[in-house]
Amino acid sequence: MKNLSDESLVALYIEGKNEAFDELLFRYKKNVYAYFYSVVQNKEVAEDMFQDTFIKLIVYLKEGRYQENGRFVGFLFRICHNIIIDYYR
C-alpha cells in the first residue's frame, strides 16, 4: 500500500479496506500533529485536534464529501484549519 497514491488509498478505504486508512494516517500523522502543535503550543490540545481531524476525515470520506481531484493533502489540511478556527471561537 505504500506505493499507492493518496487518491487510490481513499478509494480503497471507501470500499472498506481499513488498512488503506492506516496508510494515510501513517503518511500524515507527523505533519498534522506538528501543524496543530505549532499553532496552539499545547500538547494535549494538539492531540485532541489531531484525533478530531482523523475522525472528521473518516466521516467525510464515508459520507462521500471528498471529491477526487488529486488534492487530498489540501482536503486534509482544510479540515485541520477549520478545527483550529473552531478552537479559537
Side-chain angles (χ1 to χ4, degrees):
M1 294 232 164
K2 294 181 188 232
N3 298 330
L4 296 175
S5 69
D6 293 344
E7 287 71 27
S8 296
L9 291 169
V10 167
L12 287 170
Y13 176 68
I14 291 170
E15 292 172 6
K17 306 246 185 319
N18 290 334
E19 58 272 5
F21 187 83
D22 294 341
E23 178 62 26
L24 288 169
L25 178 62
F26 178 77
R27 286 182 187 181
Y28 294 106
K29 66 183 176 183
K30 288 180 185 175
N31 290 338
V32 169
Y33 179 81
Y35 175 60
F36 285 134
Y37 187 78
S38 72
V39 173
V40 298
Q41 297 293 304
N42 181 298
K43 181 181 176 184
E44 291 80 22
V45 173
E47 288 171 1
D48 288 345
M49 291 175 154
F50 174 85
Q51 289 178 359
D52 288 347
T53 298
F54 284 94
I55 290 169
K56 285 185 180 196
L57 179 61
I58 289 169
V59 170
Y60 292 165
L61 293 177
K62 293 291 184 176
E63 290 177 348
R65 293 172 63 181
Y66 171 70
Q67 301 299 323
E68 200 171 319
N69 58 9
R71 307 284 301 177
F72 176 78
V73 174
F75 180 76
L76 176 61
F77 277 90
R78 174 54 61 188
I79 294 170
C80 296
H81 178 77
N82 289 339
I83 287 173
I84 289 171
I85 290 172
D86 289 345
Y87 173 76
Y88 282 109
R89 281 188 186 161

Side-chain heavy-atom pair Lys62, Val59 within 4.5 angstrom cut-off: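 The answer is no; the side chains never approach within 4.5 Å.
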Check: Ile79 and Phe75 side chains under 4.5 Å, non-hydrogen atoms: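 Counting from C-beta outward, Phe75 and Ile79 do come under 4.5 Å.
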Would you give the length of the straight line joining atom [atom1] of [X] to atom [atom2] of [Y], rounded to the nearest 0.5 angstrom?
X: Asp22; Y: Met1; atom1: CG; atom2: CE; value: 9.0 Å
X: Leu76; Y: Leu57; atom1: CG; atom2: CG; value: 6.0 Å
X: Glu7; Y: Leu24; atom1: CD; atom2: CG; value: 9.0 Å

Check: Arg27 side chain, Lys2 main-chain N or O, donor-acceptor pair, under 3.5 Å: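 Indeed, once roles are kept as given, a pair shorter than 3.5 Å links the two residues.
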Donor-acceptor pair, side chain of Thr53 and main chain of Met49, under 3.5 angstrom: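 Yes, Thr53 side chain to Met49 backbone: donor-acceptor pair under 3.5 Å.
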Heavy-atom pair with the smallest gap, counting every atom of Tyr88 and Val39: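 Minimum heavy-atom separation between Tyr88 and Val39: OH-O, 3.5 Å.
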Closest contact, heavy atoms only, Ala20 versus Leu9: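 For Ala20 and Leu9, the tightest heavy-atom pair comes out as CB-O, 3.3 Å.
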Are [Y] and [X] connected into the same hydrophobic cluster when the rule is that any two of I, L, V, M, F, W, Y join if their side-chain heavy atoms are below 4.5 Å apart?
X: Ile58; Y: Tyr33; value: yes
X: Leu25; Y: Val32; value: yes
X: Phe26; Y: Val73; value: no

Steps toward side chain to side chain contact (heavy atoms under 4.5 Å, CB included) verdict (Tyr87, Val45): CA-CA 9 Å; Tyr87 173 76; Val45 173; 3.6 Å; yes
For Phe21, all residues meeting ring-ring contact (aromatic ring centres under 6.0 Å, His included), sequence neighbours excluded: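 Phe21 satisfies ring-ring contact (aromatic ring centres under 6.0 Å, His included) with Tyr13 only.
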Residue pairs involving residues 40-59 (criterion salt bridge (Lys or Arg N to Asp or Glu O under 4.0 Å); sequence neighbours excluded):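 Passing the test, one end in residues 40-59: no pairs.
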Tyr28/Phe77 aromatic ring centres below 6.0 Å: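 Ring centres of Phe77 and Tyr28 not closer than 6.0 Å.
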Donor-acceptor side-chain pairing of Asn42 and Tyr37 below 3.5 angstrom: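 No, no side-chain donor-acceptor contact under 3.5 Å.
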salt_bridge(Glu63, Arg65) N-O dist < 4.0 Å: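 Looking at Arg65 together with Glu63, the answer is yes, because their closest N to O distance falls below 4.0 Å.
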Over 12 non-hydrogen atoms of neighbours within 6.0 angstrom of OH in Tyr60: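 Yes, because the 6.0 Å sphere around OH of Tyr60 holds more than 12 heavy atoms from other groups.
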